[in-house]
Amino acid sequence: SLPNPVVMLAAVAPGPDVIVAVSSTAGMFKGEYLVVADIDDTQEDDTQETVKLTAVNPATNEITATFTKAHPANAPRSVAGGFAAGVVPTTTANGSTGTVLKIVGDINGDGSMVYVEYTCDLNTGRLYRNQMAWDAAVKAAPTVEQVLLDNLLANPDGTDCFTYQQEVVDGVPYVVGVAITLTARTQDRDPITRQFQTETKALLNVSPRNVFNVWQMASLLYMDRVQPLPAATQALLP
C-alpha cells in the first residue's frame, strides 16, 4: 500500500527509463509494480498500465520506469497485489524460523507498511511482537513493551512455535499457511494442588490471505501483481 494518494505531476510519453515527478514517493521502492490509472474511466482508450520502478528518488519525489503508453499530468498511481514474501519464507536468507515469524506489509491496515517479528524467546519465557517501519534504518531489540506473553514454555513434544506450509512457483517460495503452537504456564499456583498449570494451544490453519492470493496469481502467470521484498526490509531480516 501507499500511505498517500499519488498523482504524476507531468505528462509522460512512452519510452524506457522515463523519469517523472510524483506528488509523493512515500512507500515506494525500487522493483515495485505501480498501476498508472486512467484519469477518466469513461474514455474509450484504456491507458491504464502497470510499470516496474527502476529507481526512486525521495529527495526530489521522482521515480523512473519504462512506459508503454502516454499518460497526462495528474494521472493517479496506486499499488496492487501483495508481497510474495509477506510471510518471509524459511528458505530466504535470514528468513522465518521455528522461533521467529517474520512478516511485512500493511499489517495494521492504515496504509503504512511495517515489518514485524514474533519471537518465541524460551530463555526468558517471553513471546515478543517487535514492529518497525519497513524501511527502518536499524532494527531495535524487543523490550518489555513488546511482550505478549511472559510465561512461555517449550512445547512438550519439542514442536516449534511456528511451522510453515510453503509452495513454490518458478523458483519463488510462498508461505501459504502458518501453524502456531504455544505452551504457557499459569501465573499463579492452583489453590488445591499448589502447582502451576500448563496448557498448550495450537492454531494449525492460519492462512496469510494476501500471500495466498499472490501465490494464486503467480500460478496463473500474473506476475505484475507479485511484489518483491524491498531491499530496505531485507536489511532488517538478520
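Note that the numbering runs from 1 along the sequence shown for the chain. Note that these values count all heavy atoms, side chains included, but never hydrogens, waters or copies made by symmetry.
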To the closest 0.5 Å, what do you measure between CD (Glu145) and CZ (Arg129)?
14.5 Å
Partners of Tyr128 by side chain to side chain donor-acceptor pair (under 3.5 Å), sequence neighbours excluded?
Arg126
When hydrophobic residues are tied together by side-chain contacts of less than 4.5 Å, even through go-betweens, does Val87 share a cluster with Leu182?
yes
Test item: Asn108 side-chain N/O and Ser112 main-chain N/O as donor-acceptor pair under 3.5 Å
no
Do Arg225 and Thr50 have side-chain atoms, one donor and one acceptor, less than 3.5 Å apart?
yes
Could you tell me which non-hydrogen atom of Val226 sits nearest to which non-hydrogen atom of Ala218, and how far apart they are?
CG2-CB, 4.0 Å
Give the intermediate values and the outcome of side chain to side chain donor-acceptor pair (under 3.5 Å) for residues Glu199 and Thr183.
CA-CA 6 Å; Glu199 186 171 357; Thr183 298; over 6 Å; no
Quick one: OG1 on Thr233 to CE on Met132, what's the gap to the nearest 0.5 Å?
10.0 Å
Members besides Leu221 in its Ile/Leu/Val/Met/Phe/Trp/Tyr cluster (side-chain heavy atoms under 4.5 Å)
none
Should the heavy atoms of other residues, nucleotides or ligands under 6.0 Å from OH of Tyr222 be counted, would the total exceed 12?
no
Looking at Gly158, is its backbone amide N or carbonyl O close enough to the side chain of Asn155 to form a donor-acceptor pair, meaning the two atoms are under 3.5 Å apart?
no
Answer yes or no: is there a side-chain heavy-atom contact under 4.5 Å between Cys161 and Tyr118?
no
Closest approach of Tyr174 and Met223, non-hydrogen atoms and distance?
OH-CE, 4.4 Å
What is the distance from atom NZ of Lys52 to atom CD of Gln227, rounded to the nearest 0.5 Å?
10.0 Å
Give, for atom NZ of Lys139 and atom OH of Tyr115, the distance between the pair rounded to the nearest 0.5 Å.
4.5 Å
Does a side chain donor of either Thr163 or Asp160 reach within less than 3.5 Å of an acceptor in the other side chain?
no
Show your reasoning for whether side chain to side chain contact (heavy atoms under 4.5 Å, CB included) applies to Leu34 and Glu32.
CA-CA 6 Å; Leu34 289 186; Glu32 184 177 28; 4.1 Å; yes
Tell me if the CG atom of Asp110 is crowded by more than 12 foreign heavy atoms within 6.0 Å.
yes
Consider only side-chain heavy atoms of I, L, V, M, F, W and Y, link residues closer than 4.5 Å, and tell whether Ile63 and Val6 are in one cluster.
yes
I'd like to know if the side chain of Asn61 and the backbone of Ala21 have a donor-acceptor N/O pair within less than 3.5 Å.
no
Thr119 side chain vs Asp121 backbone, donor-acceptor pair below 3.5 Å
no
How about NZ on Lys69, more than 12 heavy atoms from neighbouring residues, nucleotides or ligands closer than 6.0 Å, or not?
yes
In this structure, are over 12 heavy atoms from other groups packed under 6.0 Å from Gln187 atom CD?
no
With heavy-atom distances below 4.5 Å as the criterion, would you say the side chains of Arg77 and Val35 are in contact?
no
Check step by step if side chain to side chain contact (heavy atoms under 4.5 Å, CB included) holds for Val116 and Gln131.
CA-CA 4 Å; Val116 180; Gln131 175 183 302; 4.0 Å; yes
In terms of hydrophobic clusters joined by side-chain contacts under 4.5 Å, are Leu148 and Val206 together?
yes
Say whether Leu229 and Val79 are linked into one hydrophobic cluster, either directly or through other cluster members, by side-chain heavy-atom distances under 4.5 angstrom.
no
Determine whether the side chains of Gln216 and Ser219 contain a donor N or O and an acceptor N or O closer than 3.5 Å.
no
Of all heavy-atom pairs between Ala26 and Pro3, which one has the smallest distance, and what is that distance?
O-CD, 3.4 Å
Ala75 and Ala37 have their tightest heavy-atom pair at CB-O, 4.0 Å
Does Val100 offer a backbone N or O that forms a donor-acceptor pair with the side chain of Thr97 under 3.5 Å?
yes
Strictly by modelled atom types, are Gln197 and Thr186 linked by a side-chain donor-acceptor pair under 3.5 Å?
no
Ignoring hydrogens and angles, tell me if any N or O in the side chain of Lys30 forms a donor-acceptor pair with the backbone of Ala231 under 3.5 Å.
no
For the OG atom of Ser96 and the CD1 atom of Ile103, what is their distance to the nearest 0.5 Å?
9.0 Å
Side-chain donor-acceptor contact under 3.5 Å, Asp17 with Thr64:
no
Going by atom types only, do Asp157 and Thr159 share a side-chain donor-acceptor pair under 3.5 Å?
yes
Ala84 to Val172 - nearest heavy-atom pair and separation:
CB-CG1, 4.2 Å
Between CG on residue Leu127 and CG on residue Leu101, distance to nearest 0.5 Å
10.0 Å
Quick one: does Asn151's side chain have a donor or acceptor within less than 3.5 Å of a partner on Gly125's backbone?
no
Between Tyr33 and Val51, does the side chain to side chain contact (heavy atoms under 4.5 Å, CB included) criterion hold? Intermediate values first, please.
CA-CA 6 Å; Tyr33 290 99; Val51 299; over 6 Å; no
So Pro173 and Glu167, do their side chains get closer than 4.5 Å, heavy atoms only?
no
Cut-off 3.5 Å, side chains only: do Glu62 and Thr25 have a donor facing an acceptor?
no
Measure across Glu49 and Thr68 and return the closest heavy-atom pair with its distance rounded to 0.1 Å.
OE1-OG1, 2.7 Å
Angle class for the Tyr164/Phe162 ring planes (parallel below 30°, perpendicular above 60°, tilted otherwise)?
tilted
Answer yes or no: is there a side-chain heavy-atom contact under 4.5 Å between Gln165 and Val178?
no
So Phe29 and Met113, do their side chains get closer than 4.5 Å, heavy atoms only?
yes
Leu2-Val36 co-clustered via ILVMFWY side chain contacts under 4.5 Å
yes
Tell me, with the steps shown, if Leu237 and Lys102 meet side chain to side chain contact (heavy atoms under 4.5 Å, CB included).
CA-CA 8 Å; Leu237 296 182; Lys102 303 180 180 184; 4.2 Å; yes
